[in-house]
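Worth knowing before you read on, the calculation uses all heavy atoms, side chains too, and leaves out hydrogens, waters and symmetry mates. Given the structure is predicted, the values throughout are model-derived calculations rather than measurements. In what follows, chains carry the letters A, B, and so on, assigned in the order in which the sequence lines appear, proteins first and then strands, with residues in each chain numbered from 1.
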Number of protein chains: 2
Amino acid sequence: MKGKETRAHLDREQVLAAAAGLVKQHGPGALTMRKLAAELGTAVTSIYWHVGNREQLLDALVERTVADLGEIRPTGAAPAQRIASVARALRRLLRDHPHLIAMVHERGLTERMFLPAQRALVHEVHAAGLRGARAADAVRAVQVHVVGHVLVERNRERAPVQRPGEQELWDARTAEQDPALARALARPPDTERLFALSVRALVAGLLEPPSGD
Amino acid sequence: MKGKETRAHLDREQVLAAAAGLVKQHGPGALTMRKLAAELGTAVTSIYWHVGNREQLLDALVERTVADLGEIRPTGAAPAQRIASVARALRRLLRDHPHLIAMVHERGLTERMFLPAQRALVHEVHAAGLRGARAADAVRAVQVHVVGHVLVERNRERAPVQRPGEQELWDARTAEQDPALARALARPPDTERLFALSVRALVAGLLEPPSGD
DNA sequence: ACCTGAACACCGTTCAAGT
DNA sequence: ACCTGAACACCGTTCAAGT
């Protein structure tokens, strides 16, 4: 039922594939050496021969996942629109690999994961007329914003009903002054719209000529 | 040496305090029921009587930490500056409680944690002239940006040397076109500056009158 | 070169038994 | 009402032994 065929030797590739399957289905926490061994039909200790230990196994898994994330193709005409399109693509990438961020984050491979998006961003930011350190800042600011958004967004989805109940938190003075605001904050946010909107604002702010000093 | 005095009964408060100590010193991962029992000088099973189980213990811990996060006091004259000051304060709050974000995130209590900052942001955004849904969007955009920044920043600090070595990633065409940009991206970022800069850009973009439709 | 089982030091949690 | 030890079902990892 697991599709086990005749097999001369266990393979590093097979171990990684099976591990990837477990992570994909139930998250990194579900990847135990023993379950993995069971899945592969071998002794637990065989796995150690091929991948070292659990830590190194996760490292290899992240490496492999990051490796085939694929390119990012900007769309749109105006520079600001093209940058925003990269942000959208990056968000999609992260959302399509829900367990990746956590693993990457724990392993300190964030920069590595961002590489495709960073390349695209660098190109577009340059096209928008930013140079040198200012361009680098813009690239990083957009990256950071996307990560933050995806993380908060995911948290929302996993815990749909927030425990204190947001409604009761916004009935006080705020509600009197601006009922629409209170209502908007009590409602769950339209994350799609919020993302588009905040990226637009951020990019606009970044592309503007520096004020003052 | 642990300051254990005569004690009639173990107390829920004592359990929480000891647990908070363990988390503060070595992170949530180091909080095991057995270590905690050893710390308290009781049987492991006593803890269960007072706090239910590990999950509920962590819940209580988060609740307590969030409860005494304290107020956020905006500074500055112009609305944009005051909003930025709230962002800075929120960043400081999160940085001062390094283990909090992860725990809160895992528990789906993000909204709850943000409450003090959200109140302050609502007030300032309102003062800046935004109303209703647009004000709510601005508040949320700033929140998301701060979280993203702190997370990426913390990741940086924990893994100071990124494995692929960023230098070699930026020597190609980019370096020819804009050596200063390549150099800037190869260097570790000045997170303090990047934060100030990106918040300023975001806030500026959010406060601007909507363009087009 | 590759696989194995036994063993060690850890976990969280339950439960029946104590006071 | 509160605490206890024994027991269960899990972990990751090491090691000596097999082929």
Q: Figure out the CD1/C1' separation between A:Ile47 and C:dC2, and round it to whole Å.
A: 14 Å

Q: Measuring from A:Gln143:CD to B:Leu194:CG, what's the distance to the nearest 0.5 Å?
A: 9.5 Å

Q: With rounding to the nearest 0.5 angstrom, report the CE to OG1 distance, B:Met33 to B:Thr45.
A: 10.0 Å

Q: Rounded to whole angstrom units, what separation is found between the CD atom of B:Gln14 and the C1' atom of D:dC3?
A: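 So the two atoms are 14 Å apart, to the nearest Å.
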
Q: Strictly below 4.0 Å: does B:His9 bring a side-chain N or O up to OP1 or OP2 of D:dC3?
A: yes

Q: Is a side-chain donor-acceptor pair under 3.5 Å present for B:His145 with B:Ser198?
A: yes

Q: Taking only side-chain nitrogens and oxygens of A:His50, does any of them come within less than 4.0 Å of OP1 or OP2 of C:dA1?
A: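 For C:dA1, neither OP1 nor OP2 has a side-chain N or O of A:His50 closer than 4.0 Å.
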
Q: Heavy-atom count around A:Arg92 CZ within 6.0 Å, excluding the residue itself: above 12?
A: no

Q: Please check this pair: side chain of B:Arg140 against backbone of A:Leu185, looking for a donor-acceptor N/O pair closer than 3.5 Å.
A: yes

Q: Please list every stem that involves DNA chain C, where a stem is a run of 3 or more consecutive Watson-Crick or G-U wobble pairs with both pairing distances under 3.5 Å.
A: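 As far as DNA chain C goes, consecutive pairing (with distances under 3.5 Å) yields the stems C:4-8 with D:12-16, C:12-16 with D:4-8.
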
Q: Could you give the distance from CG (A:Asp137) to CZ (B:Arg193), rounded to the nearest 0.5 Å?
A: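 Separation between the atoms: 4.0 Å.
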
Q: Rounded to the Å, how far apart are B:Trp49 CH2 and C:dA16 P?
A: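 Computing the B:Trp49:CH2 to C:dA16:P distance gives 18 Å.
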
Q: What's touching nucleotides 11-15 of chain C from the protein side, N or O pairs under 3.5 Å?
A:
residue : atom : partner : partner atom : Å
C:dG12  : OP1  : B:Met33 : N            : 3.1
C:dG12  : OP2  : B:Met33 : N            : 3.0
C:dG12  : N7   : B:Arg34 : NH1          : 2.3
C:dG12  : O6   : B:Arg34 : NH1          : 3.2
C:dG12  : O6   : B:Arg34 : NH2          : 3.4
C:dT13  : OP2  : B:Tyr48 : OH           : 3.2
C:dT13  : OP2  : B:Arg54 : N            : 3.0

Q: For the pair made of CZ in B:Arg12 and P in D:dC2, what is the distance, rounded to whole Å?
A: 13 Å

Q: Quick one: CG on A:Leu57 to CZ on A:Arg12, what's the gap to the nearest 0.5 Å?
A: 8.5 Å

Q: What are the two closest non-hydrogen atoms of B:Leu16 and B:Leu61, and how far apart are they?
A: O-CD1, 3.5 Å

